[in-house]
**Q** 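Dumping the structure here so I can ask a few things about it.
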Protein chains: 2
Amino acid sequence: MATTTAQDVQDPARTRGSGTQTVYATIRQEILAMTLEPGSPLDEVKLSERFGMSRTPVREALLRLSADGLTTTLPNRNTIVAAIDFAALPAYFEALTLMYRVTTRGAAGRRSAGPARDIRTRQDEFARAVDAQDAYAMIEANREFHVAIAERAGNAYYTTFFSRLLDEGRRILRLYYSTFDDRLPRQYVEEHEDMIMAIEAGDVERADTLALAHAAQIVAQIQEYLARDATNARDIQNI
Amino acid sequence: MATTTAQDVQDPARTRGSGTQTVYATIRQEILAMTLEPGSPLDEVKLSERFGMSRTPVREALLRLSADGLTTTLPNRNTIVAAIDFAALPAYFEALTLMYRVTTRGAAGRRSAGPARDIRTRQDEFARAVDAQDAYAMIEANREFHVAIAERAGNAYYTTFFSRLLDEGRRILRLYYSTFDDRLPRQYVEEHEDMIMAIEAGDVERADTLALAHAAQIVAQIQEYLARDATNARDIQNI
DNA sequence: GATTTGAGAATAGTATACACTTTGTATTTT
DNA sequence: AAAATACAAAGTGTATACTATTCTCAAATC
């Protein structure tokens with residue numbers, strides 16, 4: 001409910017065609033950042049008032065969000081922010097691990113592509129976020145780091161699917177990163193460094209091993225957090 | 001241009017909420033079946049006349065199709081059926097092969113799920129289509145066969161991604177299957193049989209080997225077809 | 001003759017109005 | 001008092017009207 005009364009009203013003469021895009025990008029961001037919690041109602045009229053436009057572009061934005069799986073449309077009722085499906089987490093981890101491996105392998109197989117400049121940039125951003133202990137920036141930079149690897153691998157199908165997975169994970173990570181002690185992010189920085197080295201050396205097998213270990217590391221941490229949290233949640237639930 | 005003047009007009013009092021769905025499903029089908037060729041313009045007004053409804057539900061259907069990557073929206077111009085990106089084919093084949101393997105492996109790992117009834121059903125449909133030499137039915141049944149395997153594997157992320165890949169491939173297959181001689185589909189039937197046996201036996205490694213061979217088989221055939229076709233196309237192009 | 005400019009047509013983007021469904025509540029009935 | 005029915009409110013689904021953009025084609029200019 002952070003921005004209930006906030007008015008994101010644009011200058012009334014915004015460029016034609018930007019309406020849907022603006023609403024889509026803004027709400028998507030808010031959902032992924034958990035500003036809008038799962039289950040929150042998204043009322044077309046209220047949103048149109050907030051953004052200072054008619055219902056039509058708002059509706060189209062909600063449609064796109066639904067296609068992304070970020071919202072759930074209840075027919076003839078309203079749209080709500082999609083729930084996080086904790087039951088699907090094992091499947092999620094499996095898919096995430098696979099894509100970590102495939103993309104990192106693929107990137108290493110592209111040795112001829114030269115130095116991994118983009119990946120390097122993202123890694124630096126990640127390291128800065130870790131130094132600043134900015135959990136949100138870490139999540140963003142981590143996502144961009146791995147997407148950059150996927151892009152170097154050069155398979156658009158993988159990049160698209162992987163991006164979706166990483167986005168979906170942002171909401172879970174958002175819960176998780178806040179509980180970090182300082183040790184793990186630094187370890188991730190080092191693991192990222194190793195991955196870059198393997199990629200630039202064109203060492204496919206080592207890249208694969210590192211990706212697998214990295215994924216296992218993250219999965220284990222999240223699972224541990226969730227186990228801890230489940231106990232807390234049970235205690236807190238019935239106040 | 002097959003259905004230019006066809007009127008898909010529904011009974012004017014169709015159920016509320018079905019409009020977008022109807023248009024989406026119909027056009028999607030027509031795109032995948034190549035009734036609507038890549039590059040064909042999709043005019044909102046013409047479509048609304050054809051389906052006997054206003055532009056709004058048509059627009060929303062086109063939006064969903066764009067989200068699926070089946071259409072391309074040219075801002076302030078019109079929407080066209082997405083082109084088949086032949087340059088992306090190697091990446092496509094790689095992703096397809098990976099998903100064949102992962103889903104078949106996953107299905108075999110679910111031995112406890114009992115007999116693979118759904119998969120069996122799809123296989124029978126595929127065999128019937130082969131007997132009838134009905135290329136279109138073959139493509140459909142083949143897709144459903146592999147989706148059934150993915151569903152048994154039980155990872156919704158894989159199922160979704162794989163379904164998308166198979167759909168995208170339907171348009172290519174549609175070009176390809178028409179040139180089939182009789183031998184290959186029968187071979188696919190046998191390969192499918194072997195996969196079912198491996199899955200029911202819970203033999204993960206054999207399932208993987210079979211999936212890989214099956215994928216390689218299909219990829220090789222399509223590539224051969226495309227190589228042939230490229231020569232033809234060059235000859236035909238400049239009449 | 002080629003190129004630029006401008007009017008008009010076509011078509012997408014947006015706003016608004018209306019109708020239908022669902023849901024919750026109050027009133028009636030048993 | 002419990003259940004059923006009717007009614008009102010909220011909010012979506014669809015239709016339609018309006019506006020801005022882009023393209024086309026022709027006329028004017030260089």
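Heavy atoms only: backbone and side chains are in, while hydrogens, waters and symmetry mates are out. Below, read A as the first sequence line, B as the second, and so on, with proteins coming before strands; counting in each chain starts at 1.
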**Q** For S54(B) and R16(A), find the nucleotide of DNA chain D closest to each by heavy atoms; which residue's nucleotide sits nearer the 5' end?
**A**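 It is S54(B), whose closest nucleotide lies nearer the 5' terminus.
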**Q** Measure CG/L42(B) against P/dT11(C) and give the value in whole Å, please.
**A** 13 Å
**Q** Name the closest nucleotide to the R55(B) side chain, picking from dT14(C), dT14(D), dA20(D).
**A** dT14(C)
**Q** Once you round it to whole Å, what is the distance between C1' of dC23(D) and CG of D43(B)?
**A**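 That distance rounds to 14 Å.
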**Q** Any side-chain donor paired with an acceptor under 3.5 Å for Y136(A) and E140(A)?
**A** yes
**Q** Nearest whole angstrom, please: distance from the P of dT16(D) to the CE of M53(B).
**A** 13 Å
**Q** Check whether the ring centres of F161(A) and Y157(B) lie less than 6.0 Å apart, and answer yes or no.
**A**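 So the answer is no for these two rings.
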**Q** The test is salt bridge (charged side-chain N to carboxylate O under 4.0 Å, His left out); show your working for R128(B) and D134(B) and say whether it passes.
**A** CA-CA 9 Å; R128(B) 269 201 299 280; D134(B) 179 344; over 6 Å; no
**Q** Give, ordered by number, those residues of residues 63-79 of chain A having at least one heavy-atom distance below 4.0 Å to an atom of DNA chain C; if nothing qualifies, reply none.
**A** N76(A), R77(A)
**Q** Grab the CZ-C1' distance between F51(B) and dA15(D) for me, whole Å please.
**A** 17 Å
**Q** For E60(B) and dA15(D), give me the distance from atom CD to atom C1', rounded to whole Å.
**A** 12 Å
**Q** Check this one for me: any side-chain N or O of T20(A) less than 4.0 Å away from OP1 or OP2 of dT14(C)?
**A**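 True: T20(A) side-chain N/O within range (under 4.0 Å) of dT14(C) OP1/OP2.
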**Q** Classify the ring geometry of F126(B) against H192(B): parallel below 30°, tilted from 30° to 60°, perpendicular beyond 60°.
**A** tilted
**Q** Sequence neighbours excluded, which residues qualify as ring-ring contact (aromatic ring centres under 6.0 Å, His included) partners of Y24(B)?
**A**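 ring-ring contact (aromatic ring centres under 6.0 Å, His included) check on Y24(B) returns nothing, list empty.
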**Q** Which whole-number value in Å describes the distance from R59(A) CZ to dG11(D) C1'?
**A** 10 Å
**Q** Just by distance, with hydrogens left out, do S66(B) and T73(B) show a side-chain donor and acceptor under 3.5 Å apart?
**A**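 The criterion, which ignores hydrogens and geometry beyond distance, is satisfied for T73(B) and S66(B).
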**Q** Considering every strand and a 4.0 Å limit on heavy-atom distances, what is the contact class for S18(B): base, sugar-phosphate, or nothing?
**A** sugar-phosphate
**Q** Looking at every strand, decide which applies to L47(A) at a 4.0 Å heavy-atom threshold: base, sugar-phosphate, or nothing.
**A**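 Touches nothing.
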**Q** In terms of heavy-atom contacts, does CD of E37(A) have more than 12 from other residues, nucleotides or ligands at under 6.0 Å?
**A**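 No.
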**Q** Counting heavy atoms from C-beta on, name the nucleotide in dA15(D), dA15(C), dG13(C) closest to the side chain of T56(A).
**A**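 Nearest to the side-chain atoms of T56(A), counting from C-beta on, is dA15(C).
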**Q** For I80(A) and dA10(D), give me the distance from atom CD1 to atom P, rounded to whole Å.
**A**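 Between P of dA10(D) and CD1 of I80(A): 20 Å.
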